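Only this structure's heavy atoms are used, side chains among them; waters, hydrogens and symmetry mates stay out. Because the structure is predicted, anything quoted here is derived from the model rather than measured.
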Amino acid sequence: MRDKKQEKTYVEDVSRSVYDIRNEEKDVYRVDEGLTEAIVSQISKEKNDPAWMQNFRLESLKIYNELSVPDWGPSIDGLDMNNIVTYVRPNTKMSAKWSEVPKEIKDTFDALGIPKAERESLAGVGAQYDSELVYHNVREEVSALGVVYTDMESALHGEYADMVRKHFMKLVPPRDHKFAALHGAVWSGGSFVYVPPGVSVTIPLQSYFRLNAPGAGQFEHTLIIVEEGAELHFIEGCSAPKYNVANLHAGCVELYVGKNAKLRYSTIENWSKNMYNLNTKRAKVEEGGTIEWVSGSFGSHVSYLYPMSILNGKGARAEFTGITFAGKGQNLDTGTKVVHNAPETTSFVNTKSISKDGGVSTFRSSVEVRPQAKGSKSSVSCQSLMLDDISRSDTIPALDIRTQDADVGHEAQIGRISDEAVFYLMSRGMSEEDARAMIVSGFADNVSKELPLEYAVEMNNLIRLEMKGSIG
C-alpha cells in the first residue's frame, strides 16, 4: 500500500511552490505596527509628499476612524490593524535596469516569470516588492508614442503632478468605505499610465505586485487615463508567500476611459491563504468608450472584490469576465457593479466560480440603470460549480432599473460535477482525477481564453493541481 504521507495532495503543497518563495528581510525600512496619525505622517515624510497629499492622508485617516467595518460580507475578525505594518521599503531604489535589482528580489521575480514575460510579450513592466516599486521599464517605441508609464510617486512629483491631483481618489473617494479611507491614508507604490488621444498600444503593459514581508499590508494605487480614441491592455498580477500571520492587501485602481477609447484591464490574484484581499477598482467610461475587465481570483483567505463600471456617456460599454476558485479555508466574495448613467449604454457580465474542500464562493452583481439611460441593455450570467458536498456557492444579484426603456436580464446556475460525465470519461480510459480536471477546465474555458496566455496556462495548471488535492 502506498504511503499516503509521501503524496502531496493539498494545493498549497503543490500549486503554490513558486509563489511561496520567502526572502529574509535585510536592511528594510518599516514603520511600526498599527495605524496612528504619527505613522501616517511618517509615511508621508518618507514619501516626500507634496503638502496637499500629506493633508489628504491625514483627512483619510480621520474618515477611516469614523467608518465601520462592513457587516454584510465574510468575517474579517482575524484582521487586526494593530498588528499590520503599513509601510515596508526594501533596501533598494527603483531601477530601469534589471541587472541593478538586488539578487534576492531578482530571483523572486525570475521565478515568477516577470522578466521573461517582459522580453517576449510586454510593452512595459513595473515590479513592486512590498511597498515600493523596485523595477520599472517601458519600451522606447511605446514612449515615442507619448505613452507615459511610471510609478505613482514619480508621477506625483513630475510633469504630470497636476493630472494626478485632479484624478487621485476622485472615482474612489475615501468616504466610499472604511478600507478606501485606509488606502487614502497609507497608500504607497503603484502605477500611473497616460495614453494620449488616438494612440493604440498594441502590446500590453504589466504591473506585478509581490508582498514578501509577514504581517504587512500592501496599498498600491493604480491610475490609468486613456484619452479619446486611444487603446490599451493593462495586466496586473499579484502574489505573496504563505505565513501564519494575517497579511492585508487594500489597493485601489482608478480607470478613466475617454470618448471612443478602449481599455482592457486583466487581473490575476494568486495571494496566499493568509491574505485579506480588500481591493477597490473602478472605471468611468465616456461616450462610445469600452472597459473590459478580465478577473481571476484564486488566492487569499478572504476577498471583497467588486470592480465597478460607470458608463457615463452615450453608447459606453462594459464587459466583465471573471473566475473565482475557492478552496479549503477560503471565503471569496466577488462580483461586479455597473451604473448605466447615459443613453444606449450596454454591459455584459459573465462569471464562473468553483468551490471545493469547504471553500465558499459568493458572487454579487449590481446593475443600476438610471432614468436618463434610455435604450440601455445589460446581461448578467453567473455559473457556479461545487466539487463536493461541503463547499458552498451563492449568487446575490441586484437590479435597480429606473426607466421603462431598458433591456436587462440575469441568469444564474449552480451545480455539481455529474457522476455520469465522470464515469463516461473514465470509461474512455481517463483517471478520475483527469476526468474531473477536464470537466472543470471545460467549465472555465470561456474565461481562460480571455486571459493572457501565461495566465491561462497558470489557471489550467491550478485547476489540475486542485483536482489532485481533492482526490488524494
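A side-chain hydrogen bond (donor to acceptor under 3.5 Å, both in side chains) with Thr334 is found for one member of Thr362, Asn277, Thr324 and no other, namely Thr324. Of the listed residues (Glu227, Arg282, Lys170), just one forms a side chain to side chain contact (heavy atoms under 4.5 Å, CB included) with Tyr256, and that residue is Lys170.
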Kindly list each side-chain donor-acceptor pair under 3.5 angstrom involving residues 404-416, sequence neighbours excluded, with atom names and distances?
| residue | atom | partner | partner atom | Å |
| --- | --- | --- | --- | --- |
| Asp405 | OD2 | Gly375 | N | 3.4 |
| Gln413 | OE1 | Gln383 | NE2 | 2.6 |

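No salt bridge links Glu59 with Arg57; every basic N to acidic carboxylate O contact stays at or beyond 4.0 Å. Salt bridge annotation for Lys377-Glu344: absent, with no cationic side-chain nitrogen under 4.0 angstrom from a carboxylate oxygen. At a threshold of 4.0 Å, the pair Arg175-Glu66 counts as salt-bridged, since one of the basic side-chain nitrogens sits closer than that to a carboxylate oxygen.
Partners of His177 according to the ring pair (Phe, Tyr, Trp, His ring centres under 6.0 Å) rule, which considers only residues two or more places apart in sequence or in another chain, do not exist here. Residues that satisfy the side chain to side chain donor-acceptor pair (under 3.5 Å) test with Glu286, not counting sequence neighbours, are absent from this structure.
Panel note: side chain Tyr304, backbone Pro74; a donor-acceptor pair is recorded below 3.5 Å.
The aromatic rings of Phe168 and Phe56 sit perpendicular to each other, their planes meeting at more than 60°, with 30° as the lower class boundary.
A cation-pi geometry, defined here as NZ or CZ lying under 6.0 Å from the six-membered ring centre and within 45° of its normal, does not hold between Lys281 and Tyr306.
Shown here for Leu171 and Leu255, the closest heavy-atom pair between the two residues is CD1-O, 3.4 Å. Taking all atoms of both residues into account, the shortest heavy-atom contact from Met426 to Ala435 is CG-CB, 4.4 Å.
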Criterion ring-ring contact (aromatic ring centres under 6.0 Å, His included) on Tyr276 and His249, from CA distance to verdict: CA-CA 6 Å; Tyr276 288 82; His249 181 247; over 10 Å; no

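Ring-centre distance between Phe192 and His221: not below the 6.0 Å cut-off.
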